[in-house]
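Take a look at the structure below.
Just so we're clear, the structure is a prediction, and the values are computed from it rather than from any experiment. Counting starts at 1 for both ligands and their atoms, in listed order.
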Amino acid sequence: MIRRAIYPGSFDPPTNGHLDIIERGAKMFDHLIVGIGVNSEKAPFLSVEDRLQLLTECCSHLPNVEVMSFDGLLVHFAKEQNSTVLLRGLRAITDFDYEFRIALANRSLAPDIETTFLIASEEFSFLASSVVREVARLGGDYGKFVPEPVARCIAARLA
Ligand code: ADP
């Protein structure tokens, strides 16, 4: 049986914490799709095209990882991609309530799709895209929180 999973998120911007989950997830599944959810209601920090290109570059050492964007319902995207597993990361108890509700909603919509969680690595457990955006906007050193290509892209965007 080929195990196919989707790791969905906004990845705005992708962080070292995301990459950690991707690398660990790539060991658990035969094929892992990093799915960038397109939210047309919110103006993004980085464009979908930038996030797609950056994540593809950051995952180039992982042959079983594919990066795609999607709009619409996650469970529809999962079905289109023949994936029966959704992978998410859990940083702290504060993530739990949100993740629990989304996982139950997705199970209600698609009972054959399972959500599974990886606990964040300690060194990244504080790290969120929103922290990176805030540090970047306020002129702080965001370079330690994101992969090198992402740092370059943020620098160009803020220039
Ligand atoms: P969304 O926009 O869907 O809330 P994000 O793009 O911020 O999500 O993150 C995607 C997934 O990665 C979520 O499950 C989130 O909890 C997880 N995640 C984000 N940052 C980290 C981190 N530093 N360590 C582990 N998991 C993380």
| With a 4.0 Å cut-off, would you call Glu23 and Lys27 a salt bridge? | no

| Got Ser47 and Leu52 here, is their nearest side-chain heavy-atom distance under 4.5 Å? | no

| query | Would you say Leu90 and ligand 1 have an N/O pair spaced under 3.5 Å apart? | reply | no

| said: At under 4.0 Å between heavy atoms, is it the side chain or the backbone of Pro8 that contacts ligand 1, or both, or neither? | reply: backbone

| message | So for ligand 1, is Ser10 a polar contact partner (N or O within less than 3.5 Å, distance only)? | response | yes

| query | If you group Ile, Leu, Val, Met, Phe, Trp and Tyr by side-chain heavy-atom gaps below 4.5 Å, do Ile6 and Phe29 land in one group? | reply | no

| message | Using 30° and 60° as the class boundaries, would you call the ring planes of Tyr7 and Phe11 parallel, tilted or perpendicular? | response | perpendicular

| query | Going by the angle between their ring planes, with limits at 30° and 60°, are Phe145 and Phe126 parallel, tilted or perpendicular? | reply | perpendicular

| note | Under 4.0 Å from one or more heavy atoms of Ile21, ligand 1 contributes atoms 25 (C), 26 (N)

| said: Between ligand 1 and Gly9, is the shortest N or O to N or O distance under 3.5 Å? | reply: no

| Closest heavy-atom pair and its distance - Ser83, Ile33 | OG-CD1, 4.5 Å

| task | For Leu127, take its heavy atoms, then give the atoms of ligand 1 lying under 4.0 Å from any of them. | result | 20 (N), 21 (C), 22 (C), 23 (N)

| task | For Ala120, take its heavy atoms, then give the atoms of ligand 1 lying under 4.0 Å from any of them. | result | 24 (N), 25 (C)

| message | What protein heavy atom lies closest to atom 20 (N) of ligand 1? Include the residue and the distance to one decimal. | response | Arg91 NH1, 3.2 Å

| said: Any nitrogen or oxygen of Phe124 lying under 3.5 Å from a nitrogen or oxygen in ligand 1? Just yes or no. | reply: yes

| field | Check: Gln53/Glu57 side-chain N/O donor and acceptor closer than 3.5 Å | value | yes

| query | Which of the numbered atoms in ligand 1 are below 4.0 angstrom from a heavy atom of Phe11? | reply | 6 (O)

| query | Are Phe117 and ligand 1 in contact, using a heavy-atom cut-off of under 4.0 Å? | reply | no

| Any N or O of Glu99 that comes nearer than 3.5 Å to an N or O of ligand 1? | yes

| message | Main chain of Arg4, side chain of Asp30: is a donor-acceptor contact present, judged purely on distance under 3.5 Å? | response | no

| task | Could you pull out the closest heavy-atom pair between Arg157 and Leu46, with the gap in Å? | result | CD-CD2, 3.5 Å

| note | d(Ile22 CD1, Cys58 SG) to nearest 0.5 Å is 8.0 Å

| field | N or O contact, Ser129 vs ligand 1, cut-off under 3.5 Å | value | no

| query | Under a 4.0 Å heavy-atom limit, does Phe126 contact ligand 1 with its side chain, its backbone, both, or neither? | reply | neither

| said: Does any N or O of ligand 1 fall below 3.5 Å from an N or O anywhere on His18, backbone included? | reply: yes

